[in-house]
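Below is one structure, written out as structure tokens; comments come after it.
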Amino acid sequence: MSRTPGSTQSIKSKINDILNIRRSWFSVLIKYCWIFFFVFVFGLPLYVFSVGINLFGLFGEMPSLTEIENPENDLSSELISADGVSLGRYFRYENRSQVNYKDLSPVLVKTLLISEDHRFYQHSGLDLTAFGRVIKSFGRDGGGSTITQQTAKNLFTMNPDHSLDGSIATLGALPRRIVQKTKEWIIAVTLERNFTKEEIIALYLNTVEFSSNAYGIKVASETYFNKSPDQLDLRESALLVGMLQSITAFNPRWHPKAAVGKRNQVLTKVYRAKYKLRTQRQYDSITALDLGLRFQVQNQNQGIATYFRTVINPRLKEICAKHGIDLRSSGLRIYTTIDSRLQRYAEQAVGERMKGLQKEFYAQWASANPWRDDDRKEIEGFLDSRIRQADIYKSLVNKYGEKSDSIMIALNLKKRMSIFTWDGERDTLFSSMDSLAYYKRFLQAGLVSMDPRTGHIKAWVGGLNHKYFKFDHVLQAKRQPGSTFKPFIYGFAMESNYNPCMVREDISPSFAMPGGKIWYPPNHDGKLGSGEKMTLRHAMAESVNTITAQLMKVFGPENIIEFAHRVGIKSKLDTVPSLCLGVSDVSLYEMA
């Protein structure tokens with residue numbers, strides 16, 4: 001077959017075009033290979049190095065090796081009983097407490113690794129396999145951050161107290177996030193070089209937040225399950241691990257259904273890994289369980305010895321100030337003489353007794369107002385005078401002016417509030433005046449228990465409920481001690497060489513009073529004595545007023561006051577003969 005010159009030339013032209021296209025694609029390929037080489041093989045390390053040294057101040061300072069090895073976190077200070085039980089914590093913003101790896105439940109650790117970073121022991125801070133999975137799925141299969149990276153983020157890049165931003169951060173959210181992520185990588189690698197894997201796990205669980213003012217695994221396990229971290233089982237561990245994905249969306253208090261769903265997702269991973277759950281029946285059984293919460297937000301109103309914690313707070317701050325320590329952020333462990341078992345019994349005893357007395361009080365007074373004078377007449381304007389001492393009244397005066405009618409209108413405006421009852425909290429509609437009248441009808445009490453051999457305080461109950469009654473009836477409240485003051489008179493007598501076997505007659509002595517009157521102290525039966533002879537030991541045991549008054553007349557009030565102040569009474573005592581019968585107000589703490 002013959003070909004014309006034109007057709008041959010056309011074929012050659014097409015072949016050349018094809019070859020040119022291939023050369024062009026090959027050139028582009030070579031070009032991109034060089035770009036890849038310079039960007040990823042040369043440029044990326046250079047960029048990471050630049051971030052690490054904060055080149056030209058563009059990226060912000062990196063934490064020093066010392067800071068990474070010894071990260072600073074605000075740690076709550078813990079108050080501990082004599083028998084080793086946590087009574088509560090002092091904290092500023094975050095209730096956080098550290099634990100060591102040995103204090104973690106093995107089930108918790110394994111559940112965490114299965115769910116969040118199952119190659120944790122194979123990588124060195126960065127999981128390239130996880131990165132590849134994220135890129136391939138465009139992020140649909142989860143993130144690529146390792147536990148080490150999350151620890152780095154918790155410690156520094158997401159911590160406002162450790163700002164690592166440079167001038168690039170001012171360009172926008174995306175550049176700032178890229179630099180932050182780079183720093184996470186650098187810090188993660190540094191953590192891996194300076195910590196063991198177990199230390200990183202503990203560090204991570206100590207820095208994560210679990211909502212409800214629970215920071216770190218120790219506080220979280222106490223808040224949600226009233227347990228220490230070493231006691232957590234599989235169901236509880238799965239719930240807390242699931243919360244790490246979103247502490248708000250999977251909070252078991254606010255979104256219980258979502259929390260159950262997320263917990264069961266974690267348990268599904270555990271089942272697939274054949275850890276603990278080896279059969280379908282075991283899996284079905286545990287996923288059918290409820291959350292098992294024993295929820296209690298930790299604050300100064302919750303737990304035991306609430307009044308004691310509040311009362312010693314100023315003293316602890318004073319001690320810390322002398323040593324340059326911040327009580328609320330230094331992670332102190334403060335050991336007390338309080339016995340948690342005796343404290344619980346004391347609170348239970350006060351609660352049971354006061355509940356019964358309050359019932360009797362209501363039955364006696366019914367709807368009548370109990371605020372009365374010495375003649376049992378109702379004190380007019382009692383509530384009005386008391387409301388003026390309240391913070392709400394003072395704030396209204398600042399807002400409206402002292403003589404404004406708006407003050408009483410606001411004080412009588414009803415609003416929703418929770419109130420204390422002996423059958424638990426109750427929601428109601430009360431005005432401020434309603435609330436005052438309601439709480440002024442409650443009987444109050446205090447209890448303090450002290451070891452007489454050492455003076456150690458073993459139990460302290462300052463009132464009925466610290467949330468609703470802040471006033472402490474052990475240290476702050478002062479009342480007439482009555483006959484319990486008599487030991488001070490007998491104590492001074494023993495110090496003055498009297499002895500318990502000395503005999504006195506049960507006869508009331510006379511005291512000259514101002515205005516020419518004579519006072520004869522009667523016994524509890526109203527009589528001025530029986531004339532019976534008895535020892536001082538017997539007189540004190542029977543609380544005989546007349547013989548106590550005889551000793552007062554011998555020694556004088558001044559000497560008794562000096563003795564009482566010397567052995568622990570701080571309150572002002574009146575220099576009067578009736579002091580022997582306990583007419584001067586003192587606190588329960590002073591008496592003990």
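Note that this is a predicted model, so its numbers are computed, not measured.
- Using modelled atom types, one finds no donor on one side chain facing an acceptor on the other under 3.5 Å when comparing Y224 with E236.
- For S431 and D434, the side-chain atoms include at least one donor-acceptor pair closer than 3.5 Å.
- Under 4.0 Å is where a charged nitrogen must lie from a carboxylate oxygen, and between D290 and R235 at least one such pair does.
- Ring-centre distance between F469 and Y439: below the 6.0 Å cut-off.
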Donor-acceptor pairs under 3.5 angstrom involving side-chain atoms of residues 239-249: please list them, not counting sequence neighbours.
residue: Q245; atom: NE2; partner: E116; partner atom: OE1; Å: 2.9
residue: Q245; atom: NE2; partner: E116; partner atom: OE2; Å: 2.9
residue: S246; atom: OG; partner: A249; partner atom: N; Å: 3.2

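- A distance-only check finds a donor-acceptor pair linking the side chain of S221 to the backbone of K227 [under 3.5 Å].
- Tested against Q98, the residues T207, D103, N206 include a single side chain to side chain donor-acceptor pair (under 3.5 Å) partner, N206.
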Before giving the answer on side-chain contact (heavy atoms from CB on, under 4.5 Å), spell out for F210 and T223 the whole-Å C-alpha distance, their side-chain angles and the decisive distance to 0.1 Å.
-> CA-CA 9 Å; F210 289 91; T223 299; over 6 Å; no
Derivation of the side-chain contact (heavy atoms from CB on, under 4.5 Å) call for F420 and K467 = CA-CA 9 Å; F420 169 81; K467 179 178 178 179; over 6 Å; no
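- The ring-ring contact (aromatic ring centres under 6.0 Å, His included) analysis of residues 314-350, with sequence neighbours excluded, yields no pairs.
- Under the 4.5 Å side-chain criterion, counting only non-hydrogen atoms from C-beta, N559 is not in contact with S496.
- Residue pairs meeting the ring-ring contact (aromatic ring centres under 6.0 Å, His included) criterion with at least one member in residues 236-256, sequence neighbours excluded, do not occur.
- When only modelled atom types and interatomic distance are considered, S105 and D230 share no side-chain donor-acceptor pair under 3.5 Å.
- Remark: the backbone N or O of D574 is paired with a side-chain donor or acceptor of S584 at under 3.5 angstrom.
- Shown here is K470, whose NZ atom has more than 12 heavy atoms of other residues, nucleotides or ligands within 6.0 Å.
- With respect to D423 and K355, a salt bridge is recorded, a charged nitrogen being found less than 4.0 Å from a carboxylate O.
- For the residue pair S483 / S543, a side-chain donor-acceptor distance below 3.5 Å is found, with atom types taken as modelled.
- The side-chain contact (heavy atoms from CB on, under 4.5 Å) test applied to P487 returns M540, not counting sequence neighbours.
- Between D384 and R386 no salt bridge is recorded (no basic side-chain N to carboxylate O distance below 4.0 Å).
- Taking E347 as the reference, I304, Q343, V461 meet the side-chain contact (heavy atoms from CB on, under 4.5 Å) condition, with sequence neighbours excluded.
- S86 and E78 share a side-chain donor-acceptor pair at under 3.5 Å.
- A donor-acceptor pair shorter than 3.5 Å cannot be found between the side chains of R537 and N499.
- Between the side chains of T111 and Y275, no donor N or O sits under 3.5 Å from an acceptor N or O.
- Among residues two or more places apart in sequence or in another chain, the side-chain contact (heavy atoms from CB on, under 4.5 Å) test is passed with K570 by E590.
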